[in-house]
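Residue numbers begin at 1 in each chain, while the letters A, B, ... track the order of the sequences. Side chains are part of it too, since the values below use all heavy atoms of this structure and drop only hydrogens, waters and symmetry mates.
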Amino acid sequence: MSIPKDLRYSGEHEWVKVEGEKARIGITHFAQSELGDIVFVELPEVGAEIKADEPFGSVESVKTVSELYAPINGTVVEVNEDLDDSPEFVNESPYEKAWMIVVEPSDASEIEKLMTAEQYEEMTQED
Amino acid sequence: MANQPIDLLMQPKWRVIDQSSLGPLFDAKQSFAMDDTLCMSVGKGVSPATARSWVHHDTIVLGIQDTRLPFLQDGISLLESEGYRVIVRNSGGLAVVLDDGVLNISLIFEDEKKGIDIDKGYEAMVELMRRMLRPYNAKIEAYEIEGSYCPGSYDLSINGKKFAGISQRRVRGGVAVQIYLCADKSGSERADLIRRFYQAALKDKQNDKKGVYPEIRPETMASLSELLQKDISVQDLMFALLTELKALSTHLYSAGLSIDEEMEFEKNLVRMAERNAKVFG
């Protein structure tokens, strides 16, 4: 599986893409493949504050529900409403069509502390 | 996680929390907040694997997907008019009936470091149920029962009739595998209630429904007492649970929440209350 080099990653399998002053967030290919067919995505509303390492939503697959943990602190400025009707995007296109939220980070330097693609790849290959 | 379901069940220590006789004031939101709390403790390694038993009176627990029903409020009104409390849980699946004839069991395990062996958790629960029900000499099968409420691959059935369903939730390094076991009363009456709930909540949108809501055929569900033609109570199943866990462990002990867990529980309960307030207004 290829892990995009231009993104940063959290230990809870979220990716973060820096877009100017904002950060786009979703879950990784690894996470979606472990969860199986996603049937529902629960996301916060625009304006919600997210806190690093705290849940901001959940994904439900045919097998389980998993919390989504915020990789950084910030304010939600955009939510991917397409996932309401098409949760399968998370399986089909985790890095593109299935972005989940866009946030204005409280402290952009937090993103630098997340894992690089190489570090994330190493983590998912452990054990 | 272990390689075989039985390895998961054979824990050096099993912590037990019995909440099966707390009565009608025990709110189901507390149960889901409890399991999140225990997931965190087990995930962090401060608690061993934990089995929690729980019973709620006259409660309908909706799944997250049910919150998108087009006429949800009408469905809820129907349930409330029949004397049921309605809550939304945070684990997978769709609406289920909990009453004093239904024993719920949560098994809480530590998750694997990098990922997730989802089927193992389910299989461990199925194995435990087979052991608990072995004295009744019935063939227990695990496959989806079409026409049942909250259908899934790990529906438990005898002769094609479902008496139990399993869901799962993963929180901070812990996995909660939750089962509801219909001990007594009528399984088909429970199913009929959920059938009428979906009818009220979908109305004529049955065909263009957003989620996948089941078309319930009440005759596909039954309680263990009905299926085995014996009086099997929640207490009987509790006894079987403790007997099996004792056989599977060198140390079985009962322990309520620690002070840290109590604090975490309060936070999780607030989250459950907020989730429910969002849905019910």
### Task
Please flag which part of B:Tyr154 lies under 4.5 Å from any non-hydrogen atom of chain A: side chain, backbone, both or neither.
neither
### Query
Is there a side chain to side chain contact (heavy atoms under 4.5 Å, CB included) between B:Asn90 and A:Ser58 once you walk through the steps?
CA-CA 9 Å; B:Asn90 52 17; A:Ser58 59; over 6 Å; no
### Task
Decide if atom CD of A:Glu19 counts as having more than 12 heavy atoms of other residues, nucleotides or ligands within a radius under 6.0 Å.
yes
### Query
Does atom CD of A:Gln119 have more than 12 heavy-atom neighbours from other groups under 6.0 Å away?
yes
#### Entry: B:Asp66 side, atom CG; A:Phe40 side, atom CZ - distance, nearest 0.5 Å
9.5 Å
### Query
Run the salt bridge (Lys or Arg N to Asp or Glu O under 4.0 Å) check on B:Arg271 and A:Glu54 step by step: do they pass?
CA-CA 11 Å; B:Arg271 287 185 60 213; A:Glu54 292 292 322; over 6 Å; no
### Query
Is chain A contacted by the side chain of B:Arg172, its backbone, both, or neither, given a heavy-atom distance below 4.5 Å?
both
### Query
Checking A:Glu42 against chain B: side chain, backbone, both or neither under 4.5 Å from a heavy atom?
side chain
## Note on the structure
From the list A:Pro87, A:Pro55, A:Gly36, A:Ser61, the residue making the most non-hydrogen contacts under 4.5 Å with chain B is A:Pro55
### Query
Checking side chain to side chain contact (heavy atoms under 4.5 Å, CB included) for the pair A:Val65/B:Arg89: CA distance, chi angles, key distance, verdict?
CA-CA 11 Å; A:Val65 171; B:Arg89 70 175 174 276; over 6 Å; no
### Query
Looking only at atom types and distance, does a side-chain atom of A:Glu60 sit under 3.5 Å from a main-chain N or O of B:Gly93, one as donor and one as acceptor?
yes
### Query
Given that the side chain runs from C-beta out, which part of A:Val41 has a heavy atom under 4.5 Å from chain B: side chain, backbone, both or neither?
backbone
### Message
Between A:Thr64 (side chain only) and B:Gln168 (backbone N and O only), is there a donor and an acceptor less than 3.5 Å apart?
### Response
yes
